[in-house]
Amino acid sequence: FVYGDAPSGEKNTLDECKAWLLDLISDGPVSSKEALQAGEEAGYNRDTVFDARASLLSENVIVNTKGTHHRGNKWALHDYQEESTESTESETL
């Protein structure tokens with residue numbers, strides 16, 4: 001008889017929420033309010049959505065468009081931020 005990891009009793013909600021959040025923002029940036037509302041509709045609570053966001057931020061997959069505490073901040077894919085920065089730089093030159 002060999003002991004293994006105990007089953008958690010629930011699906012890996014954080015990984016599911018991360019995949020859901022990436023899908024949500026794949027069409028463009030969303031505000032935290034929009035993400036939380038959509039998350040609630042999808043069955044994710046506030047803490048799970050913010051934990052998923054924090055994990056994706058630390059993995060450098062998503063970014064804040066204007067800074068964490070800025071009123072107009074949105075969550076976007078990392079590539080979106082790079083594209084908008086590159087277009088701004090090329091327009092400036």
Side-chain angles (χ1 to χ4, degrees):
F1 186 77
V2 178
Y3 289 99
D5 293 335
S8 65
E10 63 182 59
K11 298 176 187 172
N12 191 340
T13 307
L14 182 60
D15 287 340
E16 290 176 3
C17 188
K18 286 169 58 175
W20 167 84
L21 184 56
L22 287 173
D23 185 51
L24 179 70
I25 64 176
S26 66
D27 292 330
V30 297
S31 68
S32 59
K33 183 178 180 179
E34 293 168 327
L36 292 172
Q37 185 175 23
E40 185 177 317
E41 292 170 6
Y44 299 110
N45 66 33
R46 176 185 173 90
D47 290 340
T48 303
V49 173
F50 273 111
D51 288 347
R53 173 184 168 263
S55 179
L56 291 168
L57 279 169
S58 70
E59 295 168 13
N60 206 25
V61 176
I62 67 172
V63 294
N64 291 305
T65 60
K66 296 190 179 196
T68 304
H69 299 290
H70 190 280
R71 199 169 238 183
N73 183 49
K74 293 190 176 194
W75 305 347
L77 292 173
H78 188 267
D79 293 342
Y80 178 86
Q81 182 67 22
E82 289 178 357
E83 289 172 9
S84 64
T85 302
E86 289 173 4
S87 64
T88 303
E89 289 174 3
S90 64
E91 291 171 6
T92 308
L93 299 175

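Only this structure's heavy atoms are used, side chains among them; waters, hydrogens and symmetry mates stay out.
- Scored by the side-chain contact (heavy atoms from CB on, under 4.5 Å) test, Ser58 finds no partners at all (sequence neighbours excluded).
- Put simply, the side chain of Leu36 reaches to within 4.5 Å of the side chain of Phe50, judged on heavy atoms.
- Here Lys18 pairs with Glu59 under the salt bridge (Lys or Arg N to Asp or Glu O under 4.0 Å) rule; sequence neighbours left out.
- Applying the side chain to side chain donor-acceptor pair (under 3.5 Å) criterion to Asp51, with sequence neighbours excluded, gives no partner residue.
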Can you give the donor-acceptor pairs under 3.5 Å from side chains of residues 19-31 to other protein atoms, not counting sequence neighbours?
from	atom 1	to	atom 2	distance (Å)
Ser26	OG	Asp23	O	2.7
Ser31	OG	Glu34	N	3.1
Ser31	OG	Glu34	OE1	3.3

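- Nearest heavy atom pair, residue Thr68 against residue Arg53, reads CG2-NH2, 4.0 Å.
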Is there a side chain to side chain contact (heavy atoms under 4.5 Å, CB included) between His69 and Asn64 once you walk through the steps? CA-CA 9 Å; His69 299 290; Asn64 291 305; over 6 Å; no
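- In plain terms, the two heavy atoms of Asn45 and Thr48 that are nearest each other are OD1-N, 2.8 Å.
- Listed by chain and number, the residues in a side-chain contact (heavy atoms from CB on, under 4.5 Å) with His70 are Lys66, Asn73 (sequence neighbours excluded).
- The salt bridge (Lys or Arg N to Asp or Glu O under 4.0 Å) test applied to Glu41 returns no partner, not counting sequence neighbours.
- Scanning all heavy atoms of the two residues, the minimum distance from Asn60 to His78 falls at OD1-CD2, 3.4 Å.
- Every residue two or more places apart in sequence or in another chain was checked for a side chain to side chain donor-acceptor pair (under 3.5 Å) with Ser32, and none qualifies.
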